[in-house]
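This report concerns only the one structure given below.
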There are 2 protein chains.
Amino acid sequence: MTKASDRAYDAIRAMILSGELAAGDPVREEALAERCGVSRTPIRDALRRLEGDLLIRKTDSQRSFVADWSLDDVGDAFELRAMLEGYAARRAARNMSAEVLEQLRACNAAIAAAISGRKPDVATFLDRNREFHALVLETAGSRRLTNLLTALIEQPVVWRTAHHYDPEAFQRSHSEHGDLLSAFERGDGAWAESIMAGHIRRAFHAYSDAHLGMKAAGRDAA
Amino acid sequence: MTKASDRAYDAIRAMILSGELAAGDPVREEALAERCGVSRTPIRDALRRLEGDLLIRKTDSQRSFVADWSLDDVGDAFELRAMLEGYAARRAARNMSAEVLEQLRACNAAIAAAISGRKPDVATFLDRNREFHALVLETAGSRRLTNLLTALIEQPVVWRTAHHYDPEAFQRSHSEHGDLLSAFERGDGAWAESIMAGHIRRAFHAYSDAHLGMKAAGRDAA
DNA sequence: CTTATCCAAATTGTATACAATACAGAACCT
DNA sequence: AGGTTCTGTATTGTATACAATTTGGATAAG
């Protein structure tokens, strides 16, 4: 933590993820600087990073805007995620250890607890879900893969999708994690890959269904 | 081009790609600033971008070094490239237009010319090869995919590999591009994907063979 | 009324100065 | 002598001032 720069990065990302900064909004360095209580220098640093995360988009003349994602963009992101996280799961199956397996089980148990009640604890679900995927990714043991996926995993749009899940969707997600555990236990990388890819694709369709009504979704999952 | 910042980025990247800055070398901002004739501010900007490209690595305390890649790292990068560029080829097949197809043909013709002589024109080969892949990527029409692949395509290690190609390797590369053209002509995305994935994998093994001797390469292409 | 041009305001890019931090070597204690 | 702490130096982080560029509108010509 280099203090100001990272603080600014976290703060701005949080603003975008929470929707406080809406998609398409212009972003002025000085305004953010004042808001974060730092000078423009660390803000520029943070914006550069956020641009890498594709949360910020810069126009031809370097003006910054909050990136807005069309349904097609989101579809692309999910398809890439499905491919890359599938690959991560395959690699993770090769490297899986008893300890990590136990951690994954604990994680999924926590998820089960969070969604068992009448009112699902969405925040906990999201946290533990992220932890689960992070563990798999870490076990895959490819710094490069982690790097690529980080930009894809924390999408503002996706972030809020789980709030529209119906109870059954939570249950399915939990159950798919269970299948993944079975694949890991058996060291079956190909199986793990299939499950993970399907898991991510299902998440996309959950998102897509939640955001329909505007127009019939015309994407074909190739 | 915001002038100084981009100039610094290009200059530093060129230093790394050319080997002028060797892997593992420490990188001091002020030294680069003097060398590029600009102040530290645009240098920091450039370093941040290069860090995103994984050409620069920063230690715990934010000191910069030229990233060094193990054979395993390179293998990972290639495998990811194979997957992602395969996907790009599939999408490109869907979107292919007559104009782009013509450009690709011209590109591959230029490659043929460059490698036909007794002494292959490696610089031209590399340029046109990059152009070919860039066209495919652009036609895939996914900003996100482009973003992910950019970091993977221009690797310093890879960059110098083609200089060790034997004549046959150049010929194969050209011929695979030709196959890709056939797939595009027929709009066969699945075929295009297979060819591209194989094309990239072959490139890895060419790299791997060129850099062997140190120890028997123990990677398994999954 | 439309269009082009130019000017003023706003915004980003760069340079420099200064503060904070990390590294290395010396002095000191055990 | 070995290890530890302390201090000077080198390097990075931040703030501010200023230059360059862009944006939007006002104004004038057609």
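The figures that follow rest on heavy atoms only: side chains count, while hydrogens, waters and symmetry mates do not. By convention in this document, chain letters (A, B, ...) are assigned in the order of the sequence lines, proteins followed by strands, and residues within each chain are numbered from 1.
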Query raised in the report: Whole-Å distance between D:dA19 P and B:Lys3 NZ?
Result: 14 Å

**Report entry** Nucleotide D:dT11, atom C1' - distance to CD of B:Glu34 in whole Å
**Finding:** 15 Å

Report summary line: Comparing nearest nucleotides in DNA chain D, the 5'-proximal residue of the pair A:Pro42, A:Thr59 is A:Pro42

Report task. Using a cut-off of strictly less than 4.0 Å, decide whether B:Ser39 has a side-chain nitrogen or oxygen near OP1 or OP2 of C:dA15. Result -> yes

Query raised in the report: Once you round it to whole Å, what is the distance between C1' of D:dT16 and CD1 of A:Ile43?
Result: 15 Å

Query raised in the report: Heavy-atom distance under 4.5 Å between the side chains of A:Arg144 and B:Leu152, does that happen here?
Result: yes

Query raised in the report: At under 4.0 Å between heavy atoms, what does B:Arg63 touch on the DNA or RNA strands: base, sugar-phosphate, or nothing?
Result: sugar-phosphate

Query raised in the report: Are the charged groups of A:Arg48 and A:Asp45 less than 4.0 angstrom apart, N to O?
Result: no

Query raised in the report: Are B:Asp6 and B:Arg49 close enough for a salt bridge, meaning some N to O gap below 4.0 Å?
Result: yes

Query raised in the report: B:Asp45 CG to D:dT14 P: how many Å, rounded?
Result: 14 Å

Report task. Could you tell me the separation between the CG atom of A:Asp60 and the C1' atom of D:dT21, rounded to a whole number of Å? Result -> 12 Å

Query raised in the report: So, is B:Arg28 close to the D:dT11 phosphate, meaning a side-chain N or O under 4.0 Å from OP1 or OP2?
Result: yes

Query - Rounded distance [0.5 Å steps], CZ in A:Phe184 versus CG in A:Leu101 - result: 8.5 Å

Query - Phosphate-side-chain proximity, A:Lys58 and C:dT12, N/O vs OP1/OP2 below 4.0 Å - result: no

**Report entry** Separation of atom CD in B:Glu29 from atom C1' in C:dT16, rounded to whole Å
**Finding:** 14 Å

Requested in this report: Write down the distance between CD (B:Glu30) and P (D:dT14), rounded to a whole number of angstrom.
Outcome: 17 Å

Query - Test side-chain contact (heavy atoms from CB on, under 4.5 Å) applied to A:Leu180 and A:Met196, step by step - result: CA-CA 7 Å; A:Leu180 219 34; A:Met196 182 63 94; 3.7 Å; yes

Query raised in the report: Distance check: side-chain N/O of A:Ser61 vs OP1/OP2 of D:dT23, anything under 4.0 Å?
Result: yes

Report summary line: Here the distance between atom C1' of C:dA19 and atom CZ of B:Arg40, to the nearest Å, is 12 Å

